[in-house]
2 protein chains.
Amino acid sequence: MLKTRVPFEFSLSDQNGDLLTAPVQPVSLVNFVAERFRRSVINGSLKPGEEINESQLAERMSVSRGTLREAIRILVGEGLLEKLPNRKARVRTLSPTKFWEIMTTRAIIEGFAARLLAQRLTPEKLARLNEIWEQIYRAAEANDRALFSDWDFAFHQAIMEMSGHELLLETWSKISAWILLMFATQEHTSADMMPNALNHKKIIEAIATGDPEIAETKLKTDLLDQPEYQRFAQAQTASAECIAAPPSDGQK
Amino acid sequence: MLKTRVPFEFSLSDQNGDLLTAPVQPVSLVNFVAERFRRSVINGSLKPGEEINESQLAERMSVSRGTLREAIRILVGEGLLEKLPNRKARVRTLSPTKFWEIMTTRAIIEGFAARLLAQRLTPEKLARLNEIWEQIYRAAEANDRALFSDWDFAFHQAIMEMSGHELLLETWSKISAWILLMFATQEHTSADMMPNALNHKKIIEAIATGDPEIAETKLKTDLLDQPEYQRFAQAQTASAECIAAPPSDGQK
DNA sequence: AGTGTTGGATTGTAGGACAATCCAACACTA
DNA sequence: TAGTGTTGGATTGTCCTACAATCCAACACT
């Protein structure tokens, strides 16, 4: 088989114009495979609970088993796969409880990031948020569900990045695959998009006040008031006050 | 070389009496090596910035390069090592900024866990906290720094575990190596231990009130008021209000 | 001082080998 | 029939060897 490595890969949506000066990131085959895993889980070709046969999959992907195993280690670290010794790796399942956990974790992480961002806001950062918001709005207008999700994700990612808190960003990144998965599984009607878009504007305004308390609270309540959270969280009222009340479901 | 696997490993300090019914966890060699890495970083035999030569270290540890590489992947996922393609893995360094990041991240995670725990507190959980506290107190009395750190860590870990929020626990676990590293690097005088022990009692009391707000706030302020945080965070006043003010240092 | 060039060290990946483990199916026994 | 051995194939865990790709520092050139 081909023994050459995947040399370089640029995320094509590289927003900032300074493509030239931006650090070039070589991508190893292992990372490439890991990314494929993420996408496969997110787009549903790898279903929750599905097991992974190393030799078989390695051959189908035309990579060595070692390479595949390393990729699996990464995904396990990110929580997308689970693995017990001597047993196949499995795609983790997304139960209502897990859903609640993801949303609350996001809430405290993004809430804190918003607090930081509010304190360190610069005109450039604000401009960037507004740019992304434009795209969100446009996607909502165009009724483009996939595009809307992409920019929605980008919005939250931007907040995390601009908060300047590296560890928090890392932590957020590790659960971001779950976030994407949730985006993918929510069956919004087109009616949901526009109010959602307008709400993002309110988030920007909350951050723009410069008041850390307002910014943090806005992000927190916002994440926990999402309809899909409500749906999964069953009878729970998901206000900021009730942030700590998990849904009580039997299945893990 | 030896081709047999490391069969099973029990954490000897397995508190709960039902050793028999508890699930048996086989440990792969990769995990064993990963654990060695963690300990080495924490006890200082692997110094921050130090680079890792795969073949060399693999031979010295009597494991194959593949096994070592998988272990490295795990540690990279936990953030203890950093790795760029085609370059050696390196032990990440703990700058003042990083220190601030760890403490604030802990604060929001543990704070939220305390909130949950306050709401779901049972007599058994409370008893467990008090048991651990006994050990903390005893270690402080005996002036045993290492023992104190161990039980201090166990205390916080117990809060995370008993909060019942799996994802939060996972997230916390991933940065726990950093926490241990901080414990290891703080050069407390013996005088610091007893007040610290007594303060842990106050944490228990805050949780025992059952008021999520009180519990969360107590944990948050507590983590950010630690002397070692103050030391690293330089001129910052680390009250709950100033939670979001990072130290401004040049070196990353 | 700035820019080619080169060789050795190291990482990235493949692929084969085999022991250890698991699991499901079957056989046996009370 | 329920419970308990037994067994063989499938799969994972680990090691090994091999070599291409990459990096880096040292040297040479201009």
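Quick note on labels: first sequence line is chain A, next is B, and so on, each numbered from 1.
C:dC23 atom P lies 11 Å from atom CZ of A:Arg90, rounded to whole Å. Atom P of nucleotide D:dT12 and atom CD of B:Glu70 are separated by 12 Å, given to the nearest angstrom. One can place CD of B:Glu59 at 13 Å from C1' of D:dC15, the figure rounded to the nearest angstrom. Atom CG in B:Asn53 sits roughly 12 Å away from atom P in C:dG12 (whole-Å rounding). Residue B:Lys88 contributes atom NZ, which lies 14 Å from atom P of D:dC23 at whole-angstrom precision. Here the P atom of nucleotide D:dT14 and the CD1 atom of B:Ile72 are 15 Å apart, to the nearest Å. In this structure, B:Leu57 places its CG atom 10 Å from P of C:dT11, rounding to the nearest Å. In this entry the distance linking CG of A:Leu68 with P of C:dG16 reads 16 Å, nearest Å.
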Using Watson-Crick and G-U wobble pairs with both distances under 3.5 Å, what is the 5'-to-3' dot-bracket string of DNA chain D, with [ ] for crossing pairs and | for pairs outside the strand? ||||||||||||||||||||||||||||||

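Of the side-chain N and O atoms in B:Lys83, none sit less than 4.0 angstrom from OP1 or OP2 of C:dT10. Proximity of B:Asn86 to the phosphate of D:dC24: no side-chain N or O atom is located under 4.0 Å from OP1 or OP2. Phosphate proximity of C:dT13 to A:Ser64: absent, as no side-chain N or O sits under 4.0 Å from OP1 or OP2.
Using a cut-off of 4.0 Å between Lys/Arg side-chain N and Asp/Glu carboxylate O, B:Glu82 and B:Lys98 are scored as not salt-bridged. For B:Glu101 and B:Arg92, the salt-bridge test fails: no basic side-chain N is under 4.0 Å from an acidic carboxylate O.
Contacts of A:Glu134 classified as salt bridge (charged side-chain N to carboxylate O under 4.0 Å, His left out), with partners at least two apart in sequence or in another chain: A:Arg138. The side chain to side chain donor-acceptor pair (under 3.5 Å) search around B:Ser176 returns none, not counting sequence neighbours. Taking A:Arg38 as the reference, A:Glu35, A:Glu78 meet the salt bridge (charged side-chain N to carboxylate O under 4.0 Å, His left out) condition, with sequence neighbours excluded. Listed by chain and residue number, A:Leu84 satisfy the side-chain contact (heavy atoms from CB on, under 4.5 Å) test with A:Arg87 (two or more places apart in sequence, or in another chain). Taking B:Glu70 as the reference, A:Arg69, A:Arg73 meet the side chain to side chain donor-acceptor pair (under 3.5 Å) condition, with sequence neighbours excluded.
With the nearest nucleotide of DNA chain D identified for both B:Arg87 and B:Asn31, B:Asn31 has the one nearer the 5' end. With DNA chain C read from its 5' end, the first of the two nearest nucleotides for A:Arg65 and B:Ser55 is the one closest to B:Ser55. Between A:Glu54 and B:Thr67, the one whose closest nucleotide on DNA chain D sits nearer the 5' end is A:Glu54.
Closest to the B:Arg69 side chain, of the nucleotides C:dG15, C:dT10, C:dG12, is C:dG12.
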